[in-house]
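Letters A, B, ... mirror the listed sequences (proteins, then strands); counts begin at 1.
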Amino acid sequence: MPELPEVETMVRGIRPHLEGRTLTGFRRMPCSCRPILVEPSPAAVRRRAIGRTVTQIGRRAKRILLKLDSGDAFVIEPRMTGLMLIADPPDCEHLRVEWLLESGGRLSRVWFWDRRGLGTVRFLKREELTELLSIGRLGRDALEMTADDWRTALGRTIRPIKVALLDQSLSAGIGNLYASEILYRAGIHPARPAARLTAERVKRLHAAVQEVLHEAIRHEGSTLSDGTYRNALNQNGGYQSSHCVYDRAGDACAICRSPIRRIVQAQRSTFYCPKCQK
DNA sequence: ATTAATGTTCAGAA
DNA sequence: TTTCTGAACATTAA
């Protein structure tokens, strides 16, 4: 479930192995059970990208951006179970895409691994890229939102605040896990209508977004019990031990000892403390 | 041995 | 316009 902190961790992990290096190979892995979506075809990508230098590795919301000196770029969407790896894949049958790079005679290799295969790897020309990045379908990055930005974005919808936090057109980067953790930190009930939050509560929400996401990045993201998410070195993240509510239904709230509750909103699980969140 | 649940995005319907 | 539903897919727990 790579959300903003996990994707940011991936970006930081692969950056030293890509930036400033020249692309010498790109292929879809033949051992994959099913081929992952790569657009356009790997052969077409190779014609345009081989020999180019990687200038910049970045993140846009939950997407990884790999820019070349030509202005073209790879855009990787891990979705549910996608990982960027520089070593030791969890298994070989779910390796999907491989990049080979060279710098001063030193070779490096980066993989996209994806168990469920919902992730995508796209190669965009410069002009397509500017279009993709400027579009209104993705809101401002959650880490760049000011309290004022939140007030404006949330004022547009009466959906429950938890559901609004997942709407990537309002603000991009927060997913199901961190939405619950953020609302717990802010003391806000997940069912409260987004547009009805007082200015005071929006300020608390803004602070909670900053605290939770930065803390999660510091711990290199969350590896849940299914063990799917790993950093670029195939190591577990560490933030799962700091989760206050996510996947903790029935556990005692750390503050008031009330049992944490699980409800379903928009077909997704939400976890919260009924006493601490109003 | 089925069935539900997992979380992200998008297309299409309400 | 806004909101909701289902599908893409693999794996595991019930």
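You'll find that the side chain of A:I158 is closest to C:dT3, out of C:dT5, B:dC10, C:dT3. Distance from the side chain of A:E3 is smallest to B:dT8 among C:dC9, C:dT11, B:dT8.
At a threshold of 4.0 angstrom between heavy atoms, the contacts of A:I174 with the nucleic acid are absent. Here A:T81 lies out of heavy-atom contact (under 4.0 Å) with every strand. Using a 4.0 Å heavy-atom cutoff across all strands shown, A:G117 reaches no nucleic acid atom at all. Among the atoms of the strands shown, none is found under 4.0 Å from any heavy atom of A:T120.
OP1 or OP2 of C:dT3 has at least one side-chain nitrogen or oxygen of A:T157 nearer than 4.0 Å. Note on A:Q267: every side-chain N or O is 4.0 Å or more away from OP1 and OP2 of C:dG6. Side-chain nitrogen and oxygen atoms of A:R79 include none within less than 4.0 Å of the OP1 or OP2 phosphate oxygen of B:dT6. Under 4.0 angstrom from either OP1 or OP2 of B:dA5 there lies no side-chain N or O belonging to A:R268. Distances shorter than 4.0 Å separate some side-chain N or O of A:R159 from OP1 or OP2 on C:dT3. Between A:H94 and the phosphate of C:dT11, there is a side-chain N or O to OP1/OP2 separation shorter than 4.0 Å.
Residue pairs meeting the ring-ring contact (aromatic ring centres under 6.0 Å, His included) criterion with at least one partner in residues 49-72 of chain A, sequence neighbours excluded, are absent.
Remark: P of B:dT8 and CG of A:L165 are 12 Å apart, rounded to the nearest angstrom.
Judged by distance alone, with hydrogens and angles left aside, the side-chain atoms of A:D69 form no donor-acceptor pair with the main-chain N or O of A:T55 at under 3.5 Å. Without hydrogens or angle criteria, A:E3 side chain to A:G173 main chain gives no donor-acceptor distance under 3.5 Å.
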Base-pair map of DNA chain B as dot-bracket, where | denotes pairing with a different strand and pairs are Watson-Crick or G-U under 3.5 Å: .|||||.|||||||
